[in-house]
K.L.:
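Pasting a structure below so you can have a look.
As the structure is a prediction and not an experimental result, all values here were calculated from the model.
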Amino acid sequence: MRFHTRKWVKPEDLNPNGTLFGGKLLAWIDEELALYSIIQLGNPRIVTKHMSEINFRSSAQPGDIVEIGIDIVRFGNSSITLKCEVRNIMTRATIITIDAITMVSLGENGKPQAHGRTAPVPVND
């Protein structure tokens with residue numbers, strides 16, 4: 001798993017229980033997946049088509065730092081399927097796992113469009 005982005009858990013990221021709000025974490029994940037897919041598919045018009053089961057395994061507290069990891073599962077003709085893990089750098093605990101997220105490259109007409117790439121683009125850590 002390649003970990004690309006780190007986020008600092010701040011007071012505005014918390015739920016009523018005082019821990020990281022799951023919706024905020026999912027927004028961070030979706031944004032990171034979109035940016036990664038734009039780089040991989042060479043197209044700024046990317047949408048999230050599908051997310052498999054989202055498994056919340058632990059949480060994060062205010063002041064914790066979490067990091068988002070992404071790996072490629074499948075490199076399709078107009079899409080890329082990724083998996084994601086978010087972990088807490090402070091505790092080393094996995095916070096969330098998602099086994100399959102499909103991101104699709106769109107043309108100007110808003111329909112899926114072949115991206116023309118035959119292999120993933122190397123990404124520096």
Side-chain angles (χ1 to χ4, degrees):
M1 182 77 49
R2 292 175 174 254
F3 289 85
H4 300 277
T5 297
R6 292 177 179 88
K7 295 285 190 178
W8 184 26
V9 180
K10 297 178 282 194
E12 60 266 25
D13 304 324
L14 305 179
N15 62 27
N17 299 316
T19 58
L20 178 59
F21 177 55
K24 177 64 106 173
L25 180 56
L26 289 172
W28 289 345
I29 291 168
D30 197 41
E31 179 179 23
E32 184 64 20
L33 294 169
L35 294 171
Y36 187 80
S37 298
I38 288 166
I39 293 165
Q40 289 298 322
L41 304 182
N43 181 1
R45 290 180 299 279
I46 300 291
V47 294
T48 307
K49 182 180 186 325
H50 170 79
M51 275 193 184
S52 68
E53 179 179 273
I54 299 165
N55 187 4
F56 287 93
R57 297 172 55 183
S58 67
S59 190
Q61 305 294 321
D64 284 351
I65 299 169
V66 300
E67 57 185 354
I68 301 170
I70 300 170
D71 271 339
I72 297 173
V73 174
R74 186 173 151 308
F75 201 77
N77 184 46
S78 64
S79 66
I80 187 169
T81 302
L82 307 165
K83 66 180 176 179
C84 178
E85 177 185 351
V86 178
R87 64 186 181 191
N88 186 325
I89 292 176
M90 314 308 266
T91 66
R92 304 313 275 169
T94 296
I95 297 171
I96 193 172
T97 57
I98 308 171
D99 291 334
I101 309 106
T102 304
M103 307 297 285
V104 177
S105 174
L106 300 179
E108 290 182 19
N109 62 359
K111 304 282 185 196
Q113 170 183 293
H115 49 73
R117 301 247 169 113
T118 58
V121 174
V123 177
N124 296 333
D125 284 330

K.L.:
Do you know which two heavy atoms are closest between N15 and N17, and how far apart they sit?
P.N.:
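Nearest heavy atoms, N15 then N17: OD1-N, 2.8 Å.
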K.L.:
Compare every heavy atom of R117 with every heavy atom of Q40, then report the nearest pair and how far apart it is.
P.N.:
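Of all heavy-atom pairs spanning Q40 and R117, the closest is O-NH1, 2.8 Å.
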K.L.:
Would a single hydrophobic cluster contain both M1 and V73, if residues Ile, Leu, Val, Met, Phe, Trp and Tyr are joined by side-chain heavy-atom contacts under 4.5 Å?
P.N.:
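No, V73 and M1 fall in different hydrophobic clusters.
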K.L.:
Are there more than 12 heavy atoms of other residues, nucleotides or ligands under 6.0 Å from atom CZ of F75?
P.N.:
yes
K.L.:
Could you report the tightest heavy-atom contact between L14 and F21, atom names first, then the distance?
P.N.:
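Scanning both residues, the minimum pair turns out to be C-CB, 4.0 Å.
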K.L.:
Surrounding CD of E108 (heavy atoms of other residues, nucleotides or ligands, distance under 6.0 Å), is the total greater than 12?
P.N.:
no
K.L.:
Can you tell me how far apart CG (D64) and CH2 (W8) are? Round to the nearest 0.5 Å.
P.N.:
11.5 Å
K.L.:
Taking side chain as C-beta onward, heavy atoms only, is R87 less than 4.5 Å from S58?
P.N.:
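No, side chains not in contact.
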K.L.:
List the atom of F3, the atom of E85, and the distance in Å for their closest heavy-atom pair.
P.N.:
CE2-O, 3.6 Å
K.L.:
To the closest 0.5 Å, what do you measure between CD1 (I29) and CG (L82)?
P.N.:
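Reported value, rounded in 0.5 Å steps: 12.0 Å.
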K.L.:
In a check of side-chain contact (heavy atoms from CB on, under 4.5 Å) between W28 and each of T5, L33, D13, which one passes?
P.N.:
D13
K.L.:
After noting the C-alpha distance and the side-chain angles of N55 and T94, does the key distance pass the side chain to side chain contact (heavy atoms under 4.5 Å, CB included) rule?
P.N.:
CA-CA 10 Å; N55 187 4; T94 296; over 6 Å; no
K.L.:
Would you say the side chain of M103 lies within less than 4.5 Å of the side chain of Y36, judging by non-hydrogen atoms?
P.N.:
no
K.L.:
Return the CD1 to CG distance between I96 and N88, rounded to the nearest 0.5 Å.
P.N.:
13.5 Å
K.L.:
Any idea which heavy atoms bring M51 and D30 closest together, and the distance?
P.N.:
CE-OD1, 4.2 Å
K.L.:
Roughly how far, to the nearest 0.5 Å, is the CD atom of Q61 from the CE atom of M90?
P.N.:
11.5 Å
K.L.:
Do H4 side-chain atoms and G69 backbone N/O form a donor-acceptor pair below 3.5 Å?
P.N.:
no
K.L.:
Heavy atoms only: give me the nearest S59-I95 pair and the separation to one decimal.
P.N.:
O-CG1, 4.1 Å
K.L.:
Going through the checks in order, is the side chain to side chain contact (heavy atoms under 4.5 Å, CB included) test met by D71 and R2?
P.N.:
CA-CA 6 Å; D71 271 339; R2 292 175 174 254; 4.3 Å; yes
K.L.:
Output the distance between atom CD1 (I72) and atom OG1 (T81), rounded to the nearest 0.5 Å.
P.N.:
10.0 Å
K.L.:
Treating Ile, Leu, Val, Met, Phe, Trp and Tyr as nodes and any side-chain heavy-atom pair under 4.5 angstrom as an edge, say whether V104 and I46 lie in one connected cluster.
P.N.:
no
K.L.:
Would you say V86 and I54 are hydrophobically clustered, going by side-chain heavy atoms of ILVMFWY under 4.5 Å?
P.N.:
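Yes, it is one cluster - the side chains of V86 and I54 are joined through contacts under 4.5 Å.
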K.L.:
Do any N or O atoms from the side chain of S78 and from the backbone of S105 form a donor-acceptor pair under 3.5 angstrom?
P.N.:
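Judged by distance alone, no pair lies under 3.5 Å.
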K.L.:
Kindly say whether L106 contributes a backbone atom to a donor-acceptor pair with the side chain of N43 at under 3.5 angstrom?
P.N.:
yes
K.L.:
Drop me the distance from E31's CD to I68's CD1, to the nearest 0.5 angstrom.
P.N.:
8.5 Å
